[in-house]
> 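My questions will all concern the structure given below.
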Amino acid sequence: MLRLAATYVRLVDRFNYLIGRVMMYSLFVMIAVLLWSILSKQIFVVPSYWTLEMAQFLLVGYYLVGGPYAMQLGANVRMDLFYGQWSDRKKAWMDSLTVLLLIFYLGVLLYGGIDSTSYAIEYNERAPSLWRPLLWPVKAVMCFGIFLMLLQAVSELIKDIATLKGVEI
């Protein structure tokens, strides 16, 4: 059982690490889209109606798909009033309790996201803007990011349980 858990942690951590490193560079794509928005308005005097929504869609992918990478690195925000003074074992207890709540939340979020994505595909849902892009691609990216975060949360739970048992993973 320990070998299976260690394999799971290793595979999920490696996959989220690689995806996170790729998503770091999507920031440059977002910058390029916003730069095009500025240039088209100022130089060409033709506003691009798609740039703001595209930048928002890219930001959704940047945060949600890159989020598990941040969780893996411990770059998420914690209330450090007491946490920094606790022992590793007490931190593992608290982290395991909070990650269980996170797993529940992500499960509910994923359920709703899949339902919303299937609705968007079935009814060809579009954004209510001048550009009117299809919404299912961004909703699918959201579901993918939430799923990756769920996998990473389970990985973190396994690491916390291993810390509590005194086992190295």
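We use all heavy atoms of the structure for the numbers below, so side chains are in, but hydrogens, waters and symmetry mates are not.
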> Sequence neighbours excluded, which residues qualify as side chain to side chain donor-acceptor pair (under 3.5 Å) partners of Ser116?
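If we apply the side chain to side chain donor-acceptor pair (under 3.5 Å) test to Ser116, skipping adjacent residues, the hits are Lys139.
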> For Trp86, give me all partners under ring pair (Phe, Tyr, Trp, His ring centres under 6.0 Å), at least two apart in sequence or on another chain.
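Only Tyr83 meet the ring pair (Phe, Tyr, Trp, His ring centres under 6.0 Å) criterion with Trp86.
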> For residues Leu164 and Arg89, determine if any side-chain heavy atom of one lies less than 4.5 Å from a side-chain heavy atom of the other.
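Side chain of Leu164 against side chain of Arg89, heavy atoms only: contact under 4.5 Å found.
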> Which residue pairs satisfy the salt bridge (Lys or Arg N to Asp or Glu O under 4.0 Å) criterion with at least one member in residues 93-115, sequence neighbours excluded?
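Qualifying pairs, neighbours excluded: Arg78-Asp95.
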> Between Ser96 and Asp160, what is the shortest heavy-atom contact and its length?
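Heavy-atom minimum between the residues: N-OD2, 3.5 Å.
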> Go through the steps to decide whether Leu64 and Val141 satisfy the test side chain to side chain contact (heavy atoms under 4.5 Å, CB included), and finish with yes or no.
CA-CA 8 Å; Leu64 288 178; Val141 168; 6.0 Å; no
> Are Leu151 and Phe15 close enough that some pair of their side-chain heavy atoms sits under 4.5 Å apart?
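Of all side-chain heavy-atom pairs linking Phe15 with Leu151, none is under 4.5 Å.
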> Any luck finding a side-chain donor-acceptor pair between Gln152 and Asn16 under 3.5 Å?
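Result is yes, a qualifying pair exists.
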> In this structure, are over 12 heavy atoms from other groups packed under 6.0 Å from Phe147 atom CZ?
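Result for CZ/Phe147: open.
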> Would you indicate whether Trp93, at its atom CH2, is surrounded by more than 12 heavy atoms from other residues, nucleotides or ligands within a distance under 6.0 Å?
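No.
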> Could you check, using the six-membered ring where one of them is a Trp, whether Trp36 and Phe44 have ring centers closer than 6.0 angstrom?
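Between Trp36 and Phe44, the centre distance is under 6.0 Å.
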> Of Leu58, Leu52, Leu59, Val60, which meets side-chain contact (heavy atoms from CB on, under 4.5 Å) against Gln56?
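Result for side-chain contact (heavy atoms from CB on, under 4.5 Å) with Gln56: Leu52.
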